[in-house]
Amino acid sequence: MTDKVRVRFAPSPTGFLHVGGARTALYNWLFARQQQGVFILRIEDTDMERSSEAMVQGILEGMHWLGLDADEGPFFQSTFADAHRAAARRLVEAGKAYYDFTPKGETDDKNVKERIADRARLQAVTGKAQNPFRELPLAEARQRVETGEAAAIRLKVPEVGVSRFDDLVFGPQERDYADIEDLVLVRSDGHPLYNLSVVMDDIEMQITHIIRGQDHLTNTHKQILIYEALGATVPRFAHLPLIFAPGKVKLSKRTHGKVVSVTEYRDRGFVPEALVNFLALLGWSPGDGQEMISPQELIEKFNIEAVHKAGAIFNFDKADERDWTDPKALWMNAEYIKTMALERLSAMVAAQLQKDGLWREEYDQERREWFTRTVDLLRARFRTIVDFSIYGRPYFADDFAFEPAAVKKNLKDERLKELLPGLAEQLSGVEAFTHDGAEAALRAYGEAQGVKAGLLINASRTALTGQSVGPGMFDIMVALGRERTVERLRKAIAVVGT
RNA sequence: GCCGCUAUAGUGUAAGUGGUUAACACGCAACCCUCUCAAGGUUGAGACUACGGGUUCGAGCCCCGUUAGCGGUACCA
C-alpha cells in the first residue's frame with residue numbers, strides 16, 4: 001500500500017442524516033480508520049434549489065453524534081461548478097465530448113420511469129439513432145455556441161466494446177457500451193450534472209476508494225468513462241447493498257417518518273455506539289458470531305470484501321410505539337445501557353433529566369452517589385436513555401402518574417386502604433431502613449395482619465412508583481428512602497380501588 | 001421495454017476450496033425464579049436454503065432456466 005487511502009461520504013443536503021446514509025458513512029469511516037486513511041465529507045449540492053446551510057446541519061449533527069467526524073471537509077460540490085464546466089469544455093476540445101444543440105425536450109406529466117420506458121419501446125422499433133450533433137465539426141459547433149445558441153455537452157461513448165470494473169463487494173461488473181447513451185455532462189443552461197461533478201471532485205480530492213450505495217452500481221460504468229476521458233486514474237469501487245423498510249420498499253422519511261433519521265435516535269435515547277454497532281451489522285458481520293462490537297473493534301475487524309450483496313430490511317412497526325424502530329436495535333441499545341461504564345451512563349442520564357426538567361443539583365453534589373446507584377439499579381430493564389425520564393420518573397421526581405393497569409392489578413383490594421398506612425407506620429419505626437430491614441418489617445406486618453406478603457409487596461410497588469414492574473421491591477424502597485416511601489404509601493390510599 | 005444486481009426461519013447474519021440432525025442473535029411461545037417483569041435462567045416453535053432442472057456417491061454452496069424483488073436507464077442526485 002503505497003498510496004494513502006482516501007475515502008469520502010457524499011450525501012445530498014436533505015436536512016437530516018438517513019440511516020442508510022449513516023451506514024454508508026460508517027463503512028467509509030471504518031475503512032479509512034482501518035487503513036490509516038483520510039475520511040472526507042462532501043455535500044453534493046449540485047441541485048441548488050435543494051440546498052442551504054440548514055439542510056447540511058442535520059447531517060453534520062448526525063455524523064458528529066455517531067462519532068464519524070471527517071478529517072477533511074465539509075466541502076460543497078457547488079463550489080466547484082466552474083471547474084466542472086471547464087473540464088467539460090476541455091473534453092469537447094479534445095474531441096471526447098460534443099455540443100448537443102437539440103432543444104431541451106418538454107417534460108410531460110408522466111413520471112420519469114414511464115417516460116424512459118416509452119422512449120425505449122419507441123426506439124425498439126425505430127432503431128436507436130445516433131445523436132446528429134456527435135460528429136458536427138468542432139469549429140462549426142464552437143461558432144454556434146459563441147453566437148449564444150444553447151447547447152448541452154455530451155460525452156462520446158464508444159460504440160462498440162464493453163466496460164468492466166471489479167467491485168470490491170459485487171465482484172466483476174461489465175456493461176456493453178451499446179447500452180450506454182452519450183450522457184449529458186453539462187446542461188444547456190450551463191449547469192454541470194451529477195456524473196461529471198462526482199468524478200471531477202473525486203479526482204480533485206484524490207479519492208482512492210469509492211464506497212457508496214448500490215444505486216450507483218450500473219452508473220459506475222459511465223463515470224469510469226469520464227475518468228478515462230479526463231485521463232485520470234480510476235479509483236476502486238465498493239457498492240453497498242441498500243437498506244429497505246419492511247416489505248422491501250424504499251426507506252423514506254416521507255412515508256416512514258423519523259425512524260429514518262439519525263438524530264431521532266439521539267433524541268429518543270440511543271447510545272451512539274449502539275446504533276453504530278447495529279448499523280455495522282446491517283450488511284456485514286465479522287463472521288465469528290460476535291454481535292456486541294465496539295467502534296474500536298469494528299475498525300479492527302471490518303472487512304469491505306465481506307460485505308453482503310443482498311439488501312437488508314430495517315425492521316420496525318409504525319403502529320407499535322414500543323417497537324418504534326428495529327427491535328434488534330432496541331435490544332442492542334439496552335445491552336449497551338446494561339454494560340457500559342456507569343459513569344458515562346450516569347452522565348447521559350443526567351443530561352436527559354436536565355432536558356426533561358427532572359434534574360436536581362444535589363444529584364451532582366451530596367446525592368451524587370445515590371444518583372449513580374439508582375441509575376445502576378434501573379438500567380437493567382431500560383432500553384433507551386429516555387426511559388430513565390419516563391419510567392424512571394418516580395425515582396427522580398415526586399410527581400408521577402399511576403398507570404391504570406398497574407392500579408387495577410395491584411391496588412384493587414379495598415383492605416389496602418388500611419394496610420398501606422399500617423405498613424407505612426411499621427416502616428417508619430424500622431431502625432435500619434435497608435433492603436433486609438424493610439423486608440423483615442413488611443413480612444412481619446403481613447403476618448400480623450393475616451395477609452400474604454405478595455399482596456403488600458405488589459401494592460407497594462404500585463403505590464411507590466405507579467407501575468406494576470420494576471426492580472425488586474425492597475431495592476425500590478431503599479432507593480426512595482424511608483421518608484418518601486412512607487409518604488407515598490400513605491398517599492396511595494387515594495387511588496386504591498379506583 | 002432494455003440492462004444489471006440479489007435470493008438461507010418474521011428480521012439480521014453463519015455454514016474455509018460441495019460432505020452428516022442448516023448454526024447464532026433479535027423477535028415470538030412456554031416454563032422457571034418469585035414480590036412484579038419490560039430483568040435473569042431454561043426449553044421450544046419457526047427454513048422441503050425462492051422455484052424447476054442438471055452435474056455428482058453426495059449440492060445452501062457448481063451449471064442452466066424460471067420467478068420475484070430491487071436498482072439503473074433523465075439536460076435528477
Side-chain angles (χ1 to χ4, degrees), chain A residues 10-12 14 44-47 50 77 100 102-105 107 112-113 115-124 150-154 167 170 173-176 178-181 183-189 191 193-195 197-198 213-222 239 241-242 244 246-250 278 281-292 308-316 322-323 326-332 334 338 379-383 387 391 406 409-410 439 442 452-462 467-474 476:
Chain A
S12 296
T14 49
E44 309 262 287
D45 58 346
T46 308
D47 188 352
R50 277 202 338 216
Q77 188 156 73
D100 179 2
T102 310
K104 186 171 185 281
T107 40
V112 194
K113 181 76 192 163
R115 274 208 314 270
I116 293 166
D118 282 350
R119 199 174 59 135
R121 270 187 289 268
L122 186 71
Q123 278 187 358
I153 297 177
R154 284 183 187 270
D167 191 89
F170 285 90
Q173 299 292 314
E174 58 172 70
R175 193 173 175 196
D176 222 303
D179 293 327
I180 306 174
E181 268 194 329
L183 56 142
V184 173
L185 265 17
V186 177
R187 259 198 303 208
S188 49
D189 64 4
H191 184 85
L193 255 23
Y194 175 75
N195 282 124
S197 297
V198 241
Q214 197 200 344
D215 46 340
H216 293 287
L217 187 62
T218 43
N219 280 337
T220 300
H221 291 99
K222 292 182 180 175
H239 286 88
L242 268 21
F244 301 103
K248 251 192 159 123
V249 296
K250 195 174 172 196
F278 175 75
L281 261 24
L282 221 49
W284 171 82
S285 91
D288 58 7
Q290 185 185 352
E291 295 209 290
M292 298 298 294
H308 246 238
K309 293 204 267 276
I313 292 175
F314 193 78
N315 205 18
F316 60 89
R322 194 170 151 74
D323 281 343
D326 195 302
K328 190 150 186 176
L330 250 6
W331 167 82
M332 193 160 266
K338 268 176 234 179
R379 67 162 155 180
R381 59 207 82 208
F382 287 170
R383 303 197 300 177
D387 284 349
Y391 303 109
K409 186 182 173 197
N410 295 329
E439 177 162 14
L442 181 144
K452 289 201 287 186
L455 173 70
L456 295 175
I457 290 172
N458 288 322
S460 297
R461 186 194 320 285
T462 302
Q467 300 161 7
S468 62
V469 301
M473 228 335 275
F474 303 105
I476 295 178

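Chain A is the first sequence line, chain B the second, and so forth, proteins listed ahead of strands; every chain is numbered from 1. For the numbers below, each heavy atom of this structure counts, side chains included, while hydrogens, waters and symmetry mates do not. Here the structure is a predicted model, which is why all the values come from computation and not from measurement.
- The line from NZ of A:Lys104 to OG of A:Ser188 is 6.5 Å long, rounded to the nearest 0.5 Å.
- As rounded to whole Å, 16 Å separates atom C1' of B:rG1 from atom CZ of A:Arg115.
- Atom pair A:His221:NE2 and B:rG4:C1' shows a separation of 9 Å (rounding to whole Å applied).
- A gap of 12 Å separates the P atoms of B:rU8 and B:rU49, to the nearest Å.
- Separating the CH2 atom of A:Trp331 from the C1' atom of B:rA25 is a distance of 6 Å, rounded to the nearest angstrom.
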## Note on the structure
Counting primed atoms, P, OP1 and OP2 as sugar-phosphate and everything else as base, the B/S/- map of nucleotides 65-72 of chain B against protein heavy atoms under 4.0 Å is ----SSBB
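- Taking atom CZ of A:Arg322 as the reference point, atom C1' of B:rA39 lies 11 Å away to the nearest angstrom.
- Residue-level contact check: A:Tyr194 touches the bases, meaning some heavy atom is under 4.0 Å from a base atom.
- The side chain of A:Lys104 lies closest to B:rC75, out of B:rA77, B:rC75, B:rU73.
- From A:Phe278, atom CZ reaches atom NZ of A:Lys328 across 8.0 Å, with rounding to the nearest 0.5 Å.
- Expressed to the nearest 0.5 Å, how far NE2 of A:His239 lies from CG of A:Asn219 amounts to 8.5 Å.
- In terms of position on RNA chain B, the residue among A:Gly289 and A:Val186 whose nearest nucleotide sits closer to the 5' end is A:Gly289.
- Atom-to-atom, NZ of A:Lys409 to P of B:rC35 comes out at 13 Å; the value is rounded to the nearest Å.
- Taking only side-chain nitrogens and oxygens, A:Arg187 comes nearer than 4.0 Å to OP1 or OP2 of B:rC76.
- With sequence neighbours excluded, no residue forms a salt bridge (Lys or Arg N to Asp or Glu O under 4.0 Å) with A:Arg461.
- Between B:rC26 and B:rA45, the distance separating the two C1' atoms is 16 Å to the nearest Å.
- Considering NE2 of A:His191 and CG of A:Leu193, their distance stands at 6.5 Å, rounded to 0.5 Å.
- A salt bridge links A:Asp189 with A:Arg187; the closest basic N to acidic carboxylate O contact falls under 4.0 Å.
- Comparing the same atom, C1', in B:rA77 and in B:rA7 gives a spacing of 28 Å after rounding to whole Å.
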### Message
Using a 4.0 Å heavy-atom cut-off to protein, can you give one letter per nucleotide of nucleotides 9-20 of chain B, 5' to 3': B if the base is in contact, S if only the sugar-phosphate is, - if neither?
### Response
--SBSS------
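- Taking only side-chain atoms of A:Arg381, from C-beta outward, the nucleotide of B:rU36, B:rG27, B:rU73 with the closest atom is B:rU36.
- Between A:His216 and A:Val198, the closest side-chain pair of non-hydrogen atoms is not below 4.5 Å.
- In this structure, A:Gly470 reaches the bases: a heavy-atom distance under 4.0 Å links it to at least one base atom across the strands shown.
- In this structure, the CE atom of A:Met332 is 8 Å from the C1' atom of B:rA25, given to the nearest Å.
- Using a 4.0 Å heavy-atom distance criterion, A:Thr102 is classed as a base contact.
- Comparing the same atom, P, in B:rU43 and in B:rC24 gives a spacing of 11 Å after rounding to whole Å.
- Taking the P atom of each, B:rC75 and B:rC28 are spaced 50 Å apart, rounded to whole Å.
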### Pair A:Thr462-A:Lys409, side-chain contact (heavy atoms from CB on, under 4.5 Å): steps then yes or no
CA-CA 9 Å; A:Thr462 302; A:Lys409 186 182 173 197; over 6 Å; no
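- For A:Arg119, a side-chain nitrogen or oxygen approaches OP1 or OP2 of B:rA74 to under 4.0 Å.
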Protein-nucleic acid N or O pairs under 3.5 Å, nucleotides 41-48 of chain B:
none

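- A gap of 11 Å separates the P atoms of B:rG19 and B:rC62, to the nearest Å.
- One finds the CD atom of A:Glu44 at 12.0 Å from the OG1 atom of A:Thr14 (value rounded to the nearest 0.5 Å).
- Scanning RNA chain B for stems, defined as runs of 3 or more consecutive Watson-Crick or G-U wobble pairs whose donor-acceptor distances all fall under 3.5 Å, gives the following ranges: B:1-7 with B:67-73, B:10-13 with B:23-26, B:28-32 with B:40-44, B:50-54 with B:62-66.
- Residues A:His221 and A:Ile180 are in side-chain contact: their nearest non-hydrogen atoms beyond the backbone lie under 4.5 Å apart.
- Remark: the separation of the C1' atoms in B:rG10 and B:rU55 is 35 Å, to the nearest Å.
- Taking atom C1' in both B:rA9 and B:rA25, the straight-line distance is 13 Å, to the nearest Å.
- Under the ring-ring contact (aromatic ring centres under 6.0 Å, His included) criterion, A:Tyr391 pairs with no residue at all, not counting sequence neighbours.
- Atom NZ of A:Lys452 sits in a sparse spot, with 12 or fewer heavy atoms from other residues, nucleotides or ligands closer than 6.0 Å.
- At the heavy-atom level, A:Pro471 lies under 4.0 Å from base atoms of the strands shown.
- In this structure, A:Arg121 atom CZ and B:rC3 atom C1' are separated by 15 Å, rounded to whole Å.
- How far NZ of A:Lys222 is from CD of A:Glu181: 7.5 Å, rounded to the nearest 0.5 Å.
- Note on A:Glu181: only backbone sugar-phosphate atoms sit closer than 4.0 angstrom, heavy atoms only; bases stay farther off.
- We find that A:Asp118 and A:Arg121 are joined by a salt bridge, their nearest charged nitrogen and carboxylate oxygen being less than 4.0 Å apart.
- Across the protein-nucleic acid pair, A:Ile116 atom CD1 and B:rC2 atom C1' stand 11 Å apart, rounded to whole Å.
- Side chain of A:Gln173, nearest nucleotide from B:rC75, B:rG4, B:rA38: B:rG4.
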### Query
Would A:Arg381 and A:Val469 count as a side-chain contact (heavy atoms from CB on, under 4.5 Å) if you check the C-alpha gap in whole Å, the side-chain angles of each, and the deciding distance to 0.1 Å?
CA-CA 10 Å; A:Arg381 59 207 82 208; A:Val469 301; 5.9 Å; no
